[in-house]
Amino acid sequence: MIFRKDGAGRQFLCPASLLEKLDGKQLNITVTGVDGSIREYPIFQQKAENYGDYSEYMTRHGCACCSLTTLLAAYKPEYRNLRPDQTIKQVEKKYFPEKVWQKNYSRHIARQMPVSLYGISCILEKEQIAHRYVGDFQDRDAENEIRAHLLSGRPVVIETSRMKRENGRIVKWFDKRFAGSYHTMILLGMDENYQVIFTDSATRAWAGNWQRLKKATLEDLISYMFPQKNTSDTHLYFSRRKNTGGYILLEE
């Protein structure tokens with residue numbers, strides 16, 4: 001995929017060169033910036049069942065770990081061949097307090113939690129990957145900020161839920177368009193029709209062959225995102241809804 005800049009300086013992501021099927025166990029995407037810079041994004045499938053001892057965890061809870069692995073592989077050359085199970089065993093264990101890491105992964109598999117957006121932000125900071133984590137937000141402000149960020153050629157990490165909101169109020173409790181429960185994804189950019197192109201480790205019937213990469217309007221995505229209301233109580237692994245959520249702006 002290639003970013004192209006228009007006369008107003010907006011950068012649009014052009015996926016026309018994608019010829020392969022986009023629904024496999026791993027999809028490697030090369031994104032070329034307007035300055036000729038190249039970033040390679042490996043996009044992982046949660047249910048690939050090739051993650052060793054963490055295969056069941058990845059199937060149940062692995063969206064955030066898959067997204068974090070994609071970012072680390074794209075932004076740090078030493079992580080180019082990193083896989084999600086290695087992220088758990090090596091990166092999370094390295095940067096999170098041992099007690100916190102052990103507590104999460106010693107629980108029954110159903111109660112183990114994915115790394116939170118705050119936890120992802122902490123690891124990005126340790127790895128000196130420039131970014132800004134936004135916890136609480138108003139929908140209109142988030143929409144404007146994320147759109148401007150994507151049109152500057154920089155990705156955004158988001159978390160969605162199965163609950164659809166309008167004007168800050170939940171209007172559908174069990175709408176699973178972007179999440180069975182909660183789900184982390186990376187917005188790579190906008191195409192020339194202002195559709196957001198984003199990574200997705202899960203498979204959704206509505207997306208056809210476009211599985212590891214999907215398209216949607218930003219307004220649609222925002223309606224399934226949710227703010228972190230309790231910003232004074234952050235957690236490295238997903239906790240209650242009000243203690244998690246938000247989005248991460250990658251600054252390079």
Side-chain angles (χ1 to χ4, degrees), residues 1 3-15 31 33-35 37 39 41 63-64 67-68 70-71 74-75 115-125 127-161 163-171 177-179 182-200 213-232 234 238 241-252:
M1 295 194 291
F3 273 108
R4 301 191 186 280
K5 185 183 291 188
D6 69 3
R10 295 169 296 197
Q11 297 185 38
F12 294 98
L13 193 54
C14 303
V31 176
V34 295
D35 60 354
S37 61
R39 204 175 296 282
Y41 294 88
C63 60
S67 292
L68 173 57
T70 296
L71 291 176
Y75 280 83
V115 59
S116 67
L117 287 188
Y118 172 73
I120 291 175
S121 175
C122 289
I123 290 176
L124 295 179
E125 182 176 357
E127 290 289 345
Q128 298 182 325
I129 299 173
H131 70 284
R132 182 163 59 89
Y133 171 51
V134 178
D136 194 12
F137 64 83
Q138 298 295 320
D139 287 359
R140 182 60 60 85
D141 294 336
E143 183 179 331
N144 291 336
E145 182 170 52
I146 291 173
R147 178 182 291 106
H149 203 78
L150 294 175
L151 291 176
S152 72
R154 296 172 292 176
V156 180
V157 187
I158 67 168
E159 187 167 7
T160 56
S161 79
M163 292 167 275
K164 185 174 183 178
R165 299 179 305 108
E166 290 180 5
N167 300 318
R169 298 174 63 88
I170 296 173
V171 294
R177 178 168 170 77
F178 297 114
Y182 296 95
H183 198 58
T184 305
M185 303 179 291
I186 305 170
L187 314 184
L188 295 179
M190 281 187 159
D191 68 14
E192 294 179 327
N193 295 315
Y194 291 92
Q195 291 277 305
V196 177
I197 300 173
F198 59 96
T199 73
D200 194 350
L213 280 181
K214 293 184 175 70
K215 289 185 179 184
T217 66
L218 180 56
E219 295 82 359
D220 199 11
L221 289 162
I222 291 284
S223 69
Y224 292 89
M225 291 168 56
F226 57 97
Q228 178 191 6
K229 291 300 186 182
N230 190 357
T231 55
S232 63
T234 52
F238 186 91
R241 177 186 173 93
K242 67 179 181 180
N243 293 342
T244 47
Y247 53 93
I248 299 173
L249 305 165
L250 277 296
E251 299 290 1
E252 55 183 278

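This chain uses plain numbering: 1 for the first residue, then up along the sequence.
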(message) Using side-chain contact (heavy atoms from CB on, under 4.5 Å), reason through I129 and L71 one step at a time and then give a plain yes or no.
(response) CA-CA 9 Å; I129 299 173; L71 291 176; 5.8 Å; no

(request) Could you walk me through whether Y41 and T199 pass the side-chain contact (heavy atoms from CB on, under 4.5 Å) test, one step at a time? (result) CA-CA 9 Å; Y41 294 88; T199 73; 5.6 Å; no

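A donor-acceptor pair under 3.5 Å links the side-chain atoms of S67 to the main chain of T184, judged by distance alone. Within the 3.5 Å criterion, the main-chain N or O of S121 finds a donor-acceptor partner in the side chain of H131.
Proximity of F238 to E159: side-chain heavy atoms (C-beta onward) are separated by under 4.5 Å at one or more points. Inter-residue side-chain proximity for D220 and R177 is flagged as met; some heavy-atom pair is nearer than 4.5 Å. Two residues are said to be in side-chain contact when any heavy atoms from C-beta on lie closer than 4.5 Å; L213 and M1 meet this criterion.
For K229, the side-chain contact (heavy atoms from CB on, under 4.5 Å) criterion is met by D136, P227, K242, not counting sequence neighbours. Qualifying side-chain contact (heavy atoms from CB on, under 4.5 Å) partners for S161, counting only residues two or more places apart in sequence or in other chains: M163, Y182, F226, R241. Take R132 and apply the side chain to side chain donor-acceptor pair (under 3.5 Å) test, not counting sequence neighbours, and it matches E145. Considering only residues two or more places apart in sequence or on other chains, F137 meets the ring pair (Phe, Tyr, Trp, His ring centres under 6.0 Å) condition with Y247. Every residue meeting the side-chain contact (heavy atoms from CB on, under 4.5 Å) condition with S37, not counting sequence neighbours, appears here in chain and number order: D35. By the salt bridge (Lys or Arg N to Asp or Glu O under 4.0 Å) test, K164 pairs with no residue at all, sequence neighbours left out. Looking at residues two or more places apart in sequence or on another chain, you find no salt bridge (Lys or Arg N to Asp or Glu O under 4.0 Å) involving R4. Remark: D6 engages R10 in a side chain to side chain donor-acceptor pair (under 3.5 Å) (not counting sequence neighbours). Partners of D139 according to the side chain to side chain donor-acceptor pair (under 3.5 Å) rule, which considers only residues two or more places apart in sequence or in another chain, are R165. In terms of the side-chain contact (heavy atoms from CB on, under 4.5 Å) criterion, residue partners of Q11 (sequence neighbours excluded) are, by chain and number, F3, K5, V34. Not counting sequence neighbours, the partners of R154 by the salt bridge (Lys or Arg N to Asp or Glu O under 4.0 Å) test are E251. A search for side chain to side chain donor-acceptor pair (under 3.5 Å) contacts involving Q228 returns Y133, not counting sequence neighbours.
Taken from SG in C14 to CD in E192, the straight-line distance is 4.5 Å, to the nearest 0.5 Å. Taking CD of Q195 as the reference point, atom CG of L221 lies at 9.5 Å (rounded to 0.5 Å). Atom CG of L250 is separated from atom NE2 of H149 by 6.5 Å, given to the nearest 0.5 angstrom. From Q138, atom CD reaches atom CG of N144 across 12.0 Å, with rounding to the nearest 0.5 Å. Between the CG atom of L117 and the SG atom of C122 there is a distance of 11.0 Å, given to the nearest 0.5 Å. Between the CD1 atom of I158 and the CG atom of L249 there is a distance of 11.5 Å, given to the nearest 0.5 Å.
The neighbour count for E219 CD, taken as heavy atoms of other residues, nucleotides or ligands under 6.0 Å away, is above 12. Heavy atoms from other residues, nucleotides or ligands lying under 6.0 Å from CD of E252 number more than 12.
Listed here is the closest heavy atom pair of I197 and L13: CD1-O, 4.1 Å. Counting all heavy atoms, side chain and backbone alike, P155 lies closest to L150 at CA-CD2, 4.4 Å. Minimum heavy-atom separation, I120 to V115: N-CG2, 3.8 Å. Taking each heavy atom of I146 and L218 in turn, the nearest pair found is CG2-CD1, 3.8 Å.
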